[in-house]
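Below, chains carry the letters A, B, ... as their sequence lines are ordered, and counting in each starts from 1.
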Amino acid sequence: MPELPEVETVRRQLLPLLRGQRIRKMALTAPGLLKNCEPAFFESALQGQTIVNLHRRGKYLIWECRDLFPVFHLGMSGIFLKDRARSLYPQHIHMSLELENGGEVFYQDFRRFGKIWLYREWPQIANLGIDPIEETPDLADFAGLLARKKQNVKLFLMDQSQIAGIGNIYASEILFEAAISPERNTASLDPAETARLYRYMLEVLNAAIERFGTTYSAYQTVSGESGENQNFLKVYQRNGQPCVRCGAIIEKSTLGNRSTFFCPDCQL
DNA sequence: TCTGACCTGCGA
DNA sequence: TCGCAGGTCAGA
């Protein structure tokens, strides 16, 4: 379940492999992943292109080539690998890339929730809110976002049109650190709570990036390693275990059709 | 605003 | 064998 820290880890690890390299061959074997062109066009258009840079906005990974911009959303289980032998699901490798320097990169996605687009110009991704790491808002801007729409605070954090990049794992962890119940409405947060939410949104995301993301289910880094952040989760998937802050038992509930994990005693 | 569909691996 | 996991989007 790649969220912002996982996609940023992928971007940082792919960058030295791809930047400045020319694509010798691109092969795509799952046509359903492609959303705005045909596989044959995708493959031929990218052949011979030089990759200039890699960018990330929210959970989207944007490859900047000389004349084209392939865009990847990793969905629930998409990963990039530099070594096919490290794949846990080689039957689900759906894209292979050969570079002129002999390097290779593979895209694996066993659930096939990932999506790929090809644009001729810098892609304008519709309805994408502020990226909290790339375009960090100041506290006043963040408070303005919160005030703009009265909604559940966890759904606000996960609303990609408001804050781009946070998914279910980090929303639960941010709310725990901020000691705010996932049941709260954004309109009910006082200035101190808003400041805590802002502070821990940045701290939780940055810490997860430093730890190469959270490996839960299929996520692997580009080199095939696990992330490390799963060892630091305080509520996600910890229902039934004691809260590290107050000792109460972590609970699990459903909110917006998603599992939500929280401490009933110290998240108010 | 909410629900179901997409998809497959995994654990009960 | 079945339910769950979850990001996104279409449709109700």
Side-chain angles (χ1 to χ4, degrees), chain A residues 1-11 28-36 56-62 71-81 86-95 106-117 123-132 148-175 182-187 205 208 213-220 224 226-227 229-230 233 235-241 250-262:
Chain A
M1 47 208 77
E3 302 180 29
L4 188 155
E6 289 75 39
V7 181
E8 177 62 17
T9 300
V10 168
R11 188 192 71 82
L28 191 102
T29 52
L33 294 173
L34 263 177
K35 296 303 166 188
N36 68 346
R56 182 193 55 73
R57 284 213 58 209
K59 301 173 189 172
Y60 292 84
L61 187 64
I62 302 168
V71 176
F72 299 85
H73 189 295
L74 307 183
M76 286 289 301
S77 56
I79 59 168
F80 283 98
L81 290 167
R86 298 300 301 268
S87 170
L88 299 176
Y89 308 96
Q91 69 274 30
H92 293 298
I93 288 178
H94 302 308
M95 192 189 89
F106 303 94
Y107 176 72
Q108 169 195 293
D109 186 353
F110 70 74
R111 286 182 185 158
R112 275 182 278 155
F113 278 13
K115 297 181 176 67
I116 306 173
W117 299 261
Q124 299 297 323
I125 300 168
N127 298 322
L128 201 60
I130 293 175
D131 185 297
R148 205 162 61 186
K149 200 169 155 189
K150 294 175 184 170
Q151 67 182 129
N152 172 278
V153 66
K154 181 167 182 248
L155 298 184
F156 165 80
L157 287 175
M158 294 171 63
D159 183 345
Q160 303 302 300
S161 70
Q162 311 264 10
I163 304 286
I166 298 173
N168 204 34
I169 295 176
Y170 295 109
S172 285
E173 293 295 315
I174 290 165
L175 287 169
E183 298 290 337
R184 293 280 295 277
N185 191 288
T186 52
L205 293 175
T214 300
T215 291
Y216 185 77
S217 182
Y219 170 72
Q220 293 171 272
S226 291
N229 198 59
Q230 65 278 8
L233 297 177
V235 285
Y236 185 76
Q237 291 291 346
R238 289 197 67 249
N239 48 310
Q241 299 179 47
I250 300 297
E251 293 186 3
K252 175 183 176 182
S253 67
T254 301
L255 202 157
N257 271 342
R258 292 292 144 79
S259 297
T260 294
F261 302 86
F262 62 99

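Using cut-offs of 30° and 60° on the angle between ring planes, the pair A:F110 and A:Y89 is tilted.
Of all non-hydrogen atoms in A:L74 and A:D109, the two that sit nearest each other are O-OD2, 4.1 Å.
To the nearest angstrom, C1' of C:dG7 lies 15 Å from OH of A:Y170. The distance from atom CG of A:D159 to atom P of B:dT1 is 10 Å, rounded to the nearest whole Å. Taking atom CG of residue A:L4 and atom P of nucleotide C:dG7, one finds them 13 Å apart after rounding to whole Å. Protein atom CG of A:L155 is 12 Å distant from nucleotide atom P of C:dG7, rounded to whole Å. The CD1-P distance, from A:I116 to C:dG7, rounds to 19 Å in whole Å. What separates CG of A:N257 from P of C:dG6 is a distance of 11 Å, to the nearest Å. To the nearest angstrom, C1' of C:dG7 lies 10 Å from CG of A:N168. One interatomic measurement links the two molecules: CZ of A:F113 to P of C:dA5, which rounds to 14 Å at whole-angstrom precision.
No more than 12 heavy atoms of other residues, nucleotides or ligands lie within 6.0 Å of NZ in A:K150, so this atom counts as exposed by the packing criterion.
Taking the side chain of A:K252 as heavy atoms from C-beta on, and the options C:dA5, C:dG7, B:dT3, the nearest nucleotide is C:dA5.
The side chain of A:S259 places an N or O atom within less than 4.0 Å of a non-bridging phosphate oxygen (OP1 or OP2) of C:dG6.
A ring-centre distance under 6.0 Å is not found for A:Y236 and A:Y170. Between A:Y107 and A:H94, the distance separating the two ring centers is not shorter than 6.0 angstrom.
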Between protein and nucleic acid, restricted to nucleotides 9-12 of chain B and to nitrogen or oxygen atoms under 3.5 Å apart, what atom pairs and distances do you find?
unit_1	atom_1	unit_2	atom_2	d
B:dG9	OP1	A:H92	NE2	2.7
B:dG9	O3'	A:Y89	OH	3.3
B:dC10	OP1	A:Y89	OH	3.0

Restricting to nitrogen or oxygen on both sides, can you table the protein-nucleotides 8-12 of chain C pairs closer than 3.5 Å?
unit_1	atom_1	unit_2	atom_2	d
C:dT8	OP1	A:H73	NE2	2.4
C:dT8	OP2	A:K59	NZ	3.3
C:dT8	O4	A:R258	NH2	3.2

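A:S172 OG to A:N239 CG: the interatomic distance, rounded to the nearest 0.5 Å, is 10.5 Å. Put simply, CZ on A:F262 and CG on A:L255 are 9.0 Å apart, with the number rounded to the nearest 0.5 Å.
Counting only heavy atoms from C-beta outward, the side chains of A:I250 and A:R238 approach each other to under 4.5 Å. Side chains of A:V153 and A:P182 form no contact here, defined as non-hydrogen atoms less than 4.5 Å apart.
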